[in-house]
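All of these numbers come straight from a predicted model, not from anything done at the bench.
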Amino acid sequence: MRDDDLWRHVAAELSWDPQVDSDAIEVSAADGTVTLRGTVATLRLKQAGGRAAARVRGVTRVANELRVQIPDRDRRDDEDLRGDVLEALMLDVSVPMTVDAQARDGFVTLTGTAHWHYQREAAELRTANVPGVAGIDNTISLARTPNAREAREAIRAAFRRDAAIEADELSVDTSSDGLVILSGMVSSWAAHDHALAATWSAPGVIQVDDRIRVESGR
């Protein structure tokens, strides 16, 4: 796909998605890489823009350089913002009580432990929706007992079940410390995301080294 065609498709997708502030986003495209620039009012808007661009056919990488500038009405001092984040986390049953948060100048660091990656993602999603949050550093660690062989077999089986993934094109390597290395090729970011989600759902996975290449048009 030519760069100008990809640019038009991404711009159209941003305009199509009601969760995206497309008027605030400048799009450029080069060799499958799409770059987003501009200023948005919330972290949620920044993330929504990145997700919308990633799902466009032909996109192999998204450089989300959107800047979050919190409006004056949503600014909080550090303690108030931390309190708002902790309250939001407590309201989500997916987030364990072992998760904590610290705030500094609009940036939130999530700490503590969880048993599953989806719990870590839920904590980040909840935090991103809190007014006044400009950025998140998710340092929540996973506390599980790894089993390399079981994890690899479970991941390979999940790949074979998923209609969006060509399982034979992907390689899975596991280690006893819970690390999974994914390599190979997929034809879209949707397939890439399916592979990552399947990997994180396997028991004993603590860290994923994502080396999957997205090659549109395969």
Side-chain angles (χ1 to χ4, degrees), residues 31-34 43 46-48 50-64 89 92-102 108-128 135-218:
D31 299 325
T33 296
V34 169
L43 180 59
K46 175 180 179 176
Q47 294 174 340
R51 288 193 299 269
R55 62 176 174 255
V56 174
R57 186 183 303 277
V59 174
T60 59
R61 176 175 175 269
V62 175
N64 191 342
L89 296 178
D92 192 329
V93 295
S94 299
V95 180
M97 297 298 291
T98 49
V99 172
D100 199 355
Q102 300 296 327
V108 174
T109 301
L110 297 174
T111 60
T113 61
H115 287 289
W116 294 96
H117 182 63
Y118 83 86
Q119 295 172 322
R120 186 161 57 180
E121 287 187 319
E124 184 168 336
L125 178 61
R126 274 287 185 174
T127 302
I136 300 172
D137 183 14
N138 192 342
T139 66
I140 300 170
S141 61
L142 296 181
R144 284 185 286 171
T145 303
N147 185 304
R149 182 182 60 82
E150 290 182 4
R152 184 179 186 279
E153 292 177 354
I155 293 166
R156 294 296 304 172
F159 285 177
R160 290 191 294 269
R161 291 194 301 269
D162 196 317
I165 300 173
E166 296 180 16
D168 293 339
E169 299 291 332
L170 294 176
S171 175
V172 180
D173 293 311
T174 57
S175 63
S176 59
D177 60 358
L179 171 66
V180 177
I181 301 174
L182 298 178
S183 57
M185 294 180 294
V186 293
S187 60
S188 68
W189 269 106
H192 168 272
D193 290 347
H194 276 235
L196 279 186
T199 301
W200 277 117
S201 295
V205 175
I206 293 176
Q207 182 182 358
V208 176
D209 183 356
D210 175 17
R211 303 180 186 178
I212 297 174
R213 301 192 306 279
V214 180
E215 295 192 3
S216 181
R218 290 180 58 250

On a heavy-atom basis, which atom in A143 and which in T113 lie closest, and how many Å separate them? CB-CB, 4.4 Å

Close side-chain approach of V205 and I155, heavy atoms under 4.5 Å: yes

Residue pairs fulfilling ring pair (Phe, Tyr, Trp, His ring centres under 6.0 Å) with at least one residue in residues 169-191, sequence neighbours excluded: W189-H192

Rounded at 0.5 Å granularity, tell me how far CG in L142 sits from NE2 in H115. 10.0 Å

Separation between CG (L89) and OG (S94), nearest 0.5 Å, reads 11.0 Å

Roughly how far apart are R152 CZ and I181 CD1, rounded to 0.5 Å? 12.0 Å

When rounded to the nearest 0.5 Å, the distance separating OG of S187 from CD of E166 is 5.5 Å

Rounded distance (nearest 0.5 Å) linking atom OG of S171 with atom CZ of R156: 7.0 Å

Considering residues at least two apart in sequence or located in another chain, which fulfil the salt bridge (Lys or Arg N to Asp or Glu O under 4.0 Å) criterion with R211? D209

Looking at residues at least two apart in the chain, or sitting in another chain, which of them share a side chain to side chain donor-acceptor pair (under 3.5 Å) with N138? E124

In this structure, CG of L110 is separated from OG1 of T127 (nearest 0.5 Å) by 4.0 Å

Please tabulate, for side-chain N and O atoms in residues 194-202, each donor-acceptor pair with protein atoms closer than 3.5 Å (sequence neighbours left out).
residue	atom	partner	partner atom	Å
H194	ND1	D162	OD1	3.1
H194	ND1	D162	OD2	2.9
T199	OG1	A195	O	2.8
S201	OG	A197	O	3.0

Contact between L182 and V172 at the side-chain level, heavy atoms closer than 4.5 Å - yes or no? yes

E153: what forms a side chain to side chain donor-acceptor pair (under 3.5 Å) with it, not counting sequence neighbours? R149

Which residues share a side chain to side chain donor-acceptor pair (under 3.5 Å) with D177, sequence neighbours left out: S175

